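Bear in mind the structure is a predicted one, so any value in this text is a computation, not a measurement. In what follows, chains carry the letters A, B, and so on, assigned in the order in which the sequence lines appear, proteins first and then strands, with residues in each chain numbered from 1.
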Amino acid sequence: MSTIHTFQASKTKAILTLLQGCNTLKRLRKIHAHVITNGLQHHPSICSKLLNFCAVSVSGSLPYAQLLFHYHIPNPQTQDWNSMIRGFSQSPSPLQAISYYNHMLSSSSASDSPPDTFSFSFVLKACERVRAESKCREVHGVVVRHGYDMDVVVCTNLMKSYAGNGSVDNARRVFDEMSERDLVCWNSMISCYSQAGLHHEALNIFSLMRNQNVGLDGFTLVGLLSSCAHLGALNTGVTMHELARQKGFLGSVYVGNALIDMYAKCGDLDGALCVFERMRKRDAFTWNSMIVGYGVHGRGDEAIYFFEKMMMAGVQPNSITFLGLLCGCSHQGLVEKGVDYFHMMSSKFNIKPGIKHYGCLVDLFGRAGKLEKALHVIRASHAQDDPVLWRTLLSSCKIHKNVEIGEVALKNLIRLGSSNAGDYVLLATIYFRAKDADGVSRMRKLIKNQGVRTAPGWSWIEVGDQVHKFVVDDKSHPDTEEIYRKLEVVVQRAALHGYLQEESLIRACEFTSIDTNCSGTSGSCHSEKLAITFGLARTPEGTCLRIVKNLRVCRDCHSFTKFVSQAFNREIIVRDRVRFHHFKGGLCSCKDYW
DNA sequence: TTCTACCCGC
């Protein structure tokens, strides 16, 4: 008996060694044949290992795993089910994982092979991938019935699965009900919020962590820095930077990359550069963060400079690298360079341009006034059915007051059934500037028929460690009265330097009571004026104001901000939906071209 | 065997 056992043990070991070196299906078949000829096919450990390898390893084969599972494992144990669920949860058909999980629960031997921590974790991943929220709830119920609702890993997976299904509130509920939380779990809650775009909430989790002395690690910092980047919360980001230094996390490439991105997105390119230069190890994310950072600031030359250094460092660019480059070229008007890079990405780097790259190219030509070329790009892109490209073209037509191509763009948007009030307003503005009253009234009718729905505009400004958010005509801020009083003073002083409300544009918006390019209704107070006024009142003279807003800057606010920067001698950095504007001494870095 | 991270943009 013991001889047989020793024999089997050495065979098992030999087969496991073979499996480790196995990288083709053909070899896998050979190993399986070997298992059978040695009479080991009923050896539970061997079969489980073989199954796990087939299901999970990159060089495995899920169909082969199914074959083994259904024909060679008569009484699958929990770990065998887990192999199947895990394998399919990360495969192109995660629904199958859910199906194996269902079978596991209903199989006659369910009492011998109950689901465990792993089964739940894997099936929850599958629920997340197929966006099956109801299934996620159902699994949650089973988790509770099997007494795993105190398992910190299962709970973390539950949170992620709920959040991935768009239900952050449920994720938070799971989080709140946990009796014990580890650091991973806290980090996961931060990531759930940031994934949902709830960045204030993500930062609030960090306050809780500090109150409860949870500590932090690189994951925590990266998550929080990402939220700071989205919010434009530079001061908070600098605090994180300081924490990273104190706790010794500056050596992490992830943390360094997140810091660069945070500084760049908060409008502090010098800060980004400083972190970049001190990094010992750099990867594609590092270079991309710099290139994209300079790109969205409209500094194409520097984006190109970093791209060239990236090449010299031997780092392979990816599609994001080229988005950053193209964005920089288009905002700086580097048309030829942009075209070169567009071609280079496929010819030299074998990266297929995606819809966003075509979008950049349309923007590149459109901004430069080469509207025919922009139109040609769309027609040659095999993406004529993407509304984003036509909308980009329409915006370019507005800059260059081109009625004809603007009409073509709108026609295509209508053809695609995705035209909205914002598009009609764009074309109406073009008609208005071209003094085409008929066109304006046609658009007015379309807008009336369709009804008006606009995204609410808001602006943020960080003062101290607080981010203050303003909407159009905001009355909700505790200091509202003071802000509006101060605003009058600011407008007067800006007017002394030449600021004039842009009547023409206001009238252009009036008939619709919106301008999607503005933050709100005409004659009303746009959110960035309130944020700027608040910043002027609450920060020391001479300090830079940083505003983040969700829409594009309208012409009136752009002009207002220029004069304010001059009248109050302040540098004002505005990050809009697409790019940065650096206002200083009455001028803007975009050269009034955005 | 399981859980959390950076570049795009939703």
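Ring geometry, A/His297 versus A/Phe580: the interplanar angle falls under 30°, so the pair is classed parallel (tilted spans 30 to 60°). The aromatic rings of A/His70 and A/Tyr100 lie tilted to each other, with the angle between the two planes from 30° to 60°.
Residue A/Phe118 contributes atom CZ, which lies 11 Å from atom C1' of B/dC3 at whole-angstrom precision. Rounding to whole angstrom units, CZ of residue A/Phe88 and P of B/dT2 are separated by 20 Å. Nucleotide B/dC3 holds its C1' atom 13 Å from the CZ atom of A/Phe175, rounded to whole Å. Between A/Leu51 atom CG and B/dT1 atom C1' the separation is 12 Å, expressed in whole Å.
A/Lys549 and A/Asp576 are not joined by a salt bridge, as no carboxylate oxygen comes within less than 4.0 angstrom of a charged side-chain nitrogen. Contact check on A/Arg173 versus A/Glu177 returns no salt bridge, with no Lys/Arg side-chain nitrogen under 4.0 Å from an Asp/Glu carboxylate oxygen. A/Glu128 has a carboxylate O that lies under 4.0 Å from a charged side-chain N of A/Lys160, or vice versa, which qualifies the two as a salt bridge.
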Contact letters for nucleotides 4-10 of chain B, in which S counts primed atoms plus P, OP1 and OP2 and B counts the base, heavy atoms under 4.0 Å: BBBBBS-
Show the atom names and distances, to 0.1 Å, of all donor-acceptor pairs under 3.5 Å that link a side chain in residues 140-147 of chain A to residues at least two apart or in another chain.
from	atom 1	to	atom 2	distance (Å)
A/His140	ND1	A/Tyr162	OH	2.9
A/His146	ND1	A/Val142	O	3.1

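A donor-acceptor contact under 3.5 angstrom links the side chains of A/Asp80 and A/Ser48, judged on distance only.
Within residues 206-214 of chain A, no residue is approached by DNA chain B to less than 4.0 Å at the level of any non-hydrogen atom.
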A/Asn75 vs A/Asp112, side chain to side chain donor-acceptor pair (under 3.5 Å): CA-CA, chis, key distance, verdict: CA-CA 9 Å; A/Asn75 288 310; A/Asp112 297 336; over 6 Å; no
